[in-house]
Amino acid sequence: MQYSYLGKSGLKVSRICLGTMNFGPATDEKEAFRIMDAALDAGVNFFDTANIYGWGENSGLTEEIIGRWFNQGGGRREKVVLATKVYGSMHDDTDGPNNEAGLSAYKIRRHLEGSLRRLQTDHIELYQMHHVDPAISWDELWGSFENAVHQGKIGYVGSSNFAAWQIAIAQSEAKSRHFLGLVSEQHKYSLNCRLPELEVLPAAKELGLGVIPWSPLDGGLLGRNALQKLEGTRSGGIAGRIEQQQAQLEDFAALCRDLGEPQDTVALAWVAANPAVTAPIIGPRTLEQFETALKCLDVTLDEAVLKRLDEIFPGPGGHAPNAYAW
């Protein structure tokens with residue numbers, strides 16, 4: 001397994017991050033345990049989750065599954081760099097306006113305690129804001145996270161779904177408080193979603209944040225079964241998008257056949273190869289899918305292949321403002 005520092009921190013994480021969003025809703029506990037055990041065996045030490053995973057009335061279920069896996073012992077918790085998120089409302093919290101989506105100090109304190117309880121741990125390595133909350137000042141936010149760090153309940157703070165200018169403000173405010181600030185940004189990024197190349201990726205690289213791309217297969221659109229529209233696969237829910245981009249996907253499939261690699265492996269390898277990226281998040285539903293995703297780190301894409309991928313899935317043309325202005 002390859003490892004990299006998470007942004008400007010001294011924390012080393014695997015170049016693949018195990019996403020757990022499917023644990024509970026789509027993957028039963030037994031299979032989830034098998035996947036997590038296989039991840040450790042393969043050297044994957046970076047696990048990502050969120051307090052709302054499980055969704056709706058089952059929010060918190062995914063964290064509970066991970067907590068029960070930790071509770072088996074065998075050094076599982078000690079080997080994992082654990083990341084979770086806060087922002088959404090939780091079904092088991094008190095009703096009322098303070099349980100609505102957001103990032104107040106009140107909510108961060110309550111929801112951090114809830115995550116620690118469900119995960120059966122006393123600390124979280126990376127605590128991430130799942131979204132921006134424009135109603136909350138950075139004084140309130142950084143005060144909350146500083147307290148959690150000083151208490152030993154979290155190690156580092158990350159963001160998710162932030163714009164580049166919001167990241168810049170966050171880091172400026174943290175610096176004024178002599179606080180480390182953000183060490184990572186979790187952002188949607190794939191061959192089919194390249195807008196982050198305009199500002200988010202260059203800003204993160206310049207400011208010392210690791211980038212953790214979510215949906216690197218764009219919800220299955222870049223997977224090997226997308227064009228087949230097989231019954232019971234994720235491609236069934238994106239049939240309209242597949243039809244709209246059929247020519248692109250056929251060209252992509254042809255290129256991958258020439259390379260002798262499946263589409264999902266190439267798509268993941270392309271994301272992982274970006275120098276701004278720390279680790280793409282894979283979200284396997286089965287052990288087989290996990291084992292297949294790992295192969296992306298063994299694939300090297302040469303300049304000719306990268307050029308062809310740019311032709312099939314054109315990006316925004318570079319960084320802002322050069323991409324659209326002189």
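Reckoned from all heavy atoms, side chains included, excluding hydrogens, waters and symmetry mates. On a predicted model such as this, the values are computed, not experimentally measured, just so you know.
- Considering Ile282, Val299, Leu294 as possible partners of Leu268, the one that fulfils the side-chain contact (heavy atoms from CB on, under 4.5 Å) test is Ile282.
- Sorted by first and then second residue, the salt bridge (charged side-chain N to carboxylate O under 4.0 Å, His left out) pairs with a member in residues 312-324 form an empty list; sequence neighbours excluded.
- The shortest distance between side-chain heavy atoms of Glu100 and Ser89 does not fall below 4.5 Å.
- For the pair Met1/Leu297, a side-chain contact is recorded, criterion being any heavy-atom separation below 4.5 Å from C-beta on.
- Note on residues 242-296: pairs passing ring pair (Phe, Tyr, Trp, His ring centres under 6.0 Å), not counting sequence neighbours, are Tyr189-Trp270, Phe252-Phe313.
- Ile212 belongs to a hydrophobic cluster whose remaining members, ordered by chain and number, are Leu6, Leu11, Val13, Phe46, Val81, Leu126, Tyr156, Leu180, Val183, Trp214, Ile281; membership requires side-chain heavy atoms of ILVMFWY residues under 4.5 Å apart, directly or through intermediates.
- Nearest heavy-atom pair, Gly181 versus Ala174, reported as atom, atom and distance to 0.1 Å: CA-CB, 3.5 Å.
- Taking Ile, Leu, Val, Met, Phe, Trp and Tyr as members and joining any whose side-chain heavy atoms lie under 4.5 Å apart, directly or through other members, the hydrophobic cluster of Leu198 also contains Leu195, Tyr324.
- By the 4.5 Å heavy-atom criterion applied to side chains, Asp218 and Ser215 are counted as neighbours.
- The side chain to side chain donor-acceptor pair (under 3.5 Å) contacts involving residues 70-84 comprise Asp37-Arg76, Glu63-Thr84, Arg77-Thr121, Arg77-His123, Arg77-Glu125, where partners must be two or more places apart or lie in separate chains.
- Atoms NE2 and CG, from His187 and Leu201 in turn, are 8.0 Å apart once rounded to the nearest 0.5 Å.
- Residues that satisfy the side-chain contact (heavy atoms from CB on, under 4.5 Å) test with Trp138, not counting sequence neighbours, are Met129, Leu141, Trp142, Phe162, Ile169, Ala170, Glu173.
- Here the closest non-hydrogen pair linking Ile108 and Ser144 is CD1-CB, 4.1 Å.
- Within the structure, salt bridge (charged side-chain N to carboxylate O under 4.0 Å, His left out) contacts touching residues 196-212 (residues at least two apart or in different chains) are Arg194-Glu197.
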- Item | Intermediate values then yes/no, salt bridge (Lys or Arg N to Asp or Glu O under 4.0 Å), Arg308 and Glu311 | CA-CA 5 Å; Arg308 180 61 182 138; Glu311 293 169 352; 3.2 Å; yes
- Would you check, one step at a time, whether the test side chain to side chain contact (heavy atoms under 4.5 Å, CB included) holds for Phe70 with Val80? CA-CA 9 Å; Phe70 283 148; Val80 170; 4.0 Å; yes
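- His319 pairs by the ring pair (Phe, Tyr, Trp, His ring centres under 6.0 Å) definition with nothing, not counting sequence neighbours.
- In this structure, Ile16 and Ser14 approach most closely via the heavy-atom pair O-OG, 2.7 Å.
- Atom OG of Ser159 and atom NE2 of His131 lie 11.0 Å apart (nearest 0.5 Å).
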- List the steps, then state whether side chain to side chain donor-acceptor pair (under 3.5 Å) holds for Asn192 with Gln245. CA-CA 10 Å; Asn192 200 49; Gln245 296 184 242; 2.7 Å; yes
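- A side-chain donor-acceptor contact under 3.5 Å links Thr20 to the backbone of Asp48.
- For Tyr127, there are no ring pair (Phe, Tyr, Trp, His ring centres under 6.0 Å) partners two or more places apart in sequence or in a different chain.
- Legend: residues meeting side-chain contact (heavy atoms from CB on, under 4.5 Å) with Tyr5, ordered by chain and number and at least two apart, are Lys12.
- By the 4.5 Å heavy-atom criterion applied to side chains, Asn161 and Gln186 are not counted as neighbours.
- The heavy-atom pair separating Gln171 from Leu182 by the smallest distance is OE1-N, 2.8 Å.
- Asp122 has its side chain out of reach of Lys153: every pair of non-hydrogen atoms, C-beta onward, lies at least 4.5 Å apart.
- Within the structure, every pair that satisfies the side chain to side chain donor-acceptor pair (under 3.5 Å) test and touches residues 255-265, not counting sequence neighbours, is listed here: Arg224-Asp264.
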- Query: Hey, mind stepping through His130 and Ser160 against side chain to side chain donor-acceptor pair (under 3.5 Å) and telling me if it holds?
  - Reply: CA-CA 5 Å; His130 212 160; Ser160 182; 5.0 Å; no
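- Atom CZ of Arg109 sits about 10.0 Å away from atom CD of Gln151, to the nearest 0.5 Å.
- Annotation: side-chain contact (heavy atoms from CB on, under 4.5 Å) contacts of Ala168 (sequence neighbours excluded): Leu207.
- Leu259 and Val266 make their closest contact through CD1-CG2, 4.1 Å (heavy atoms, listed as atom of the first residue, atom of the second, distance).
- Under the 4.5 Å side-chain criterion, counting only non-hydrogen atoms from C-beta, Phe179 is in contact with Val149.
- The minimum heavy-atom distance linking Asn51 with Val86 is given by the pair ND2-CA, 4.0 Å.
- With contacts defined as side-chain heavy-atom distances shorter than 4.5 Å, the pair His111/Lys85 does not qualify.
- Counting only heavy atoms from C-beta outward, the side chains of Ser172 and Lys175 never approach each other to under 4.5 Å.
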